[in-house]
Trainee: 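Got a structure for you, written out below as structure tokens; questions coming shortly.
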Amino acid sequence: MAVDVDQVMANYRDTGNLKSRIGIYEYREPRFDPVDYAVGLLPGGLDGALVLDVGAGSGRYTKRLRADFPGATVVAIDQGRGMLAEVEAPAMVADARAVPYPDGAADLVLAMHMLYHVPEPAEAVAEFRRVLKPGGALLASTNARGDMAAMAELWERAAAPVLGPGGYSWHGAIRGFDSASAPALLEAGFDSVEAFEETGTVAVPEPGPILRFLASIQSFAGCDDASIAAILAAAERELARHFAAHATFDFQKTLVFYRCR
Ligand SMILES: C[S@@+](CC[C@H](N)C(=O)[O-])C[C@H]1O[C@@H](n2cnc3c(N)ncnc32)[C@H](O)[C@@H]1O
């Protein structure tokens, strides 16, 4: 499934959709904070370093790095102007494929859960290599192939009668940079690519967070208000049957982090 940049950026007009998706991970067991985990993977000695957080979104990594490494300059970069509204300067609107820094300027680039939104992720990886100093590091993250299968299947059952067989598949949407495709893309630009995988079960005790998650992908799916209402109504009926028999709706969540040098 080709990346449709207009649909992606419609989804990231502001931080609301992203927050609806992130909210569901409150129910993950064991509890897991990807920002804590990422900080644990960073090279030490960031005093005086230039760090570029590309696809920074609402800035959760930027804010944490600024707090933990006050001697570093952490720049938030995102293609969506509205995403950066909650991030203090330095922050800039730019495409990951054209980072506005000279060759060899940065010590560390972060690309957290964003490369699957780039139509040609190989171009972005090459751009990260270009702006990094020799010996600089890239930290990137994505989802495992087939991740969150129970949620994806719920969406597909609810959406198929509305959108037809060619409807939106979120596994398809991230295939360009998921755990199966990412290593080769990263190895093309970096000598060393280390992968760190973290799996947990998300056990959601009520339909609300699940329906908010599904609603948040409306613009990725490119569907109108009537279509998403019909999809959500079908999902709600299925969830009512599910919760009549089960205390929670469960799915597996697997994140993969890549440390590249
Ligand atoms: C899933 S969010 C991740 C946000 C943040 N990194 C995090 O993990 O919380 C993806 C972000 O990438 C941004 N994005 C998508 N395509 C981009 C591109 N080509 N260049 C820069 N940013 C992009 C979106 O606007 C969005 O803020």
Side-chain angles (χ1 to χ4, degrees), residues 1-26 28 32-39 41-42 51-67 74-87 90-101 106 108-128 130-131 138-144 147-148 151 170-171 173-178 182 185 196 198 212-213 216-221 253-258:
M1 179 180 276
V3 173
D4 182 322
V5 173
D6 291 340
Q7 288 180 0
V8 167
M9 294 323 295
N11 197 270
Y12 294 116
R13 193 166 285 136
D14 60 38
T15 57
N17 287 319
L18 179 61
K19 286 180 177 167
S20 292
R21 289 193 286 279
I22 289 175
I24 206 164
Y25 304 119
E26 277 177 31
R28 185 189 189 279
F32 178 76
D33 180 347
V35 181
D36 275 347
Y37 191 81
V39 168
L41 295 177
L42 294 178
V51 180
L52 307 179
D53 181 8
V54 181
S58 56
R60 57 185 175 151
Y61 290 90
T62 294
K63 291 171 191 168
R64 175 64 181 274
L65 263 58
R66 287 176 181 167
V74 184
V75 183
I77 298 176
D78 201 285
Q79 199 169 20
R81 183 173 298 281
M83 296 303 286
L84 294 173
E86 298 164 22
V87 188
M92 59 180 67
V93 177
D95 187 326
R97 293 164 294 176
V99 178
Y101 276 88
L108 174 67
V109 171
L110 261 58
M112 310 308 288
H113 272 70
M114 62 79 58
L115 277 166
Y116 44 67
H117 290 316
V118 180
E120 298 86 14
E123 286 181 16
V125 172
E127 183 67 348
F128 300 159
R130 181 190 68 74
V131 297
L138 166 68
L139 190 67
S141 65
T142 190
N143 299 329
D147 190 39
M148 300 176 70
M151 281 284 277
W170 69 37
H171 288 155
I174 74 153
R175 261 180 118 80
F177 192 85
D178 64 10
L185 286 160
F196 304 86
E198 278 294 315
R212 285 194 288 280
F213 188 105
S216 82
I217 62 176
Q218 176 182 358
S219 43
F220 286 149
K253 177 76 208 169
T254 301
L255 298 178
V256 192
F257 297 77
Y258 299 97

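In each ligand, atom 1 is the first atom listed, and ligand 1 is the first ligand listed. This chain uses plain numbering: 1 for the first residue, then up along the sequence.
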Trainee: To the nearest 0.1 Å, how far is atom 10 (C) of ligand 1 from its closest protein heavy atom, and which atom is that?
Mentor: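 Of the protein heavy atoms, His113 O, 3.5 Å lies nearest.
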Trainee: Starting from atom 15 (C) of ligand 1, what is the nearest protein heavy atom, named by residue and atom, and what distance separates them?
Mentor: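 Protein heavy atom with the smallest distance to atom 15 (C) of ligand 1: His117 CB, 3.7 Å.
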Trainee: What distance separates Asn143 CG from Leu255 CG, expressed to the nearest 0.5 Å?
Mentor: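 Result: 6.0 Å between the selected atoms.
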Trainee: Looking only at distance, does Met112 have an N or O less than 3.5 Å from an N or O of ligand 1?
Mentor: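 The answer is yes, given that Met112 and ligand 1 share an N or O pair closer than 3.5 Å.
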Trainee: Given that the side chain starts at C-beta and the backbone is N, CA, C, O, which of these parts of Ala56 lies under 4.0 Å from ligand 1, counting heavy atoms, or is it both or neither?
Mentor: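 The backbone, only.
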Trainee: Which of the numbered atoms in ligand 1 are below 4.0 angstrom from a heavy atom of Ala94?
Mentor: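 It comes down to these atoms of ligand 1: 20 (N), 21 (C).
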Trainee: Which atoms of ligand 1 have any heavy atom of Gly57 under 4.0 Å away?
Mentor: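 Listed by number with element: 4 (C), 27 (O).
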Trainee: Would you mind telling me if ligand 1 is within reach of the side chain of Val118, the backbone, both or neither, using heavy atoms under 4.0 Å?
Mentor: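 It is the side chain that gets close, since no backbone atom is under 4.0 Å.
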Trainee: What part of Ser58, side chain from CB on, backbone N/CA/C/O, both or neither, has a heavy atom under 4.0 Å from ligand 1?
Mentor: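 Under 4.0 Å from ligand 1, Ser58 contributes no heavy atoms.
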Trainee: Would you check if Leu42 and Val51 make a side-chain contact, meaning some heavy-atom pair closer than 4.5 Å?
Mentor: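 Leu42 vs Val51: side chains apart.
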Trainee: Please could you name the atoms of ligand 1 that Tyr61 approaches to less than 4.0 Å, counting only its heavy atoms?
Mentor: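 Result: 7 (C), 8 (O).
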Trainee: Among all protein heavy atoms, pick out the one at the shortest distance from atom 9 (O) of ligand 1; state its residue, atom name and that distance to 0.1 Å.
Mentor: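 Looking at atom 9 (O) of ligand 1, the protein heavy atom closest to it is Arg60 NE, 2.7 Å.
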Trainee: Between Phe257 and Tyr37, how do the two ring planes meet: parallel, tilted or perpendicular, split at 30° and 60°?
Mentor: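 Judged by the thresholds at 30° and 60°, the geometry between Phe257 and Tyr37 is tilted.
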Trainee: Are any of the N or O atoms of Asp78 closer than 3.5 Å to those of ligand 1?
Mentor: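 N/O-N/O distance under 3.5 Å: yes.
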Trainee: Counting only N and O atoms by type, is there a donor-acceptor contact under 3.5 Å from the side chain of Asp78 to the main-chain atoms of Ala56?
Mentor: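 Side chain of Asp78 to backbone of Ala56: a pair is present.
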Trainee: Which ligand 1 atoms are under 4.0 Å away from a heavy-atom of Leu18?
Mentor: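 Heavy-atom distances to Leu18 below 4.0 Å select 1 (C), 2 (S), 4 (C).
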Trainee: Closest non-hydrogen protein atom to atom 17 (C) of ligand 1, residue and atom name please, with distance?
Mentor: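 In this structure, atom 17 (C) of ligand 1 has Gln79 OE1, 3.4 Å as its nearest protein heavy atom.
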Trainee: Relative to the heavy atoms of Ala96, which atoms of ligand 1 are at a distance of less than 4.0 Å?
Mentor: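 Ligand 1 atoms under the 4.0 Å threshold to Ala96: 18 (C), 19 (N), 20 (N), 21 (C).
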Trainee: Geometry only, no angles: is Gly55 polar-contacting ligand 1 at N/O separations under 3.5 Å?
Mentor: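 It does: an N or O of Gly55 is found under 3.5 Å from an N or O of ligand 1.
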Trainee: Ala124: heavy atom below 4.0 Å from ligand 1, yes or no?
Mentor: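 Under 4.0 Å: no for Ala124.
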Trainee: Do Tyr12 and ligand 1 have an N or O pair less than 3.5 Å apart?
Mentor: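 Not met; the criterion fails.
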Trainee: Considering only the protein, which heavy-atom contact is closest to atom 12 (O) of ligand 1, and what is its distance?
Mentor: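 Protein heavy atom with the smallest distance to atom 12 (O) of ligand 1: Met114 CB, 3.5 Å.
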Trainee: What pair of heavy atoms forms the shortest contact from Met9 to Gln79, and how long is it?
Mentor: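 So the minimum-distance heavy-atom pair works out to CE-C, 3.6 Å.
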Trainee: Assess Met9 for proximity to ligand 1: is some non-hydrogen atom of it under 4.0 Å away?
Mentor: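 Contact present.
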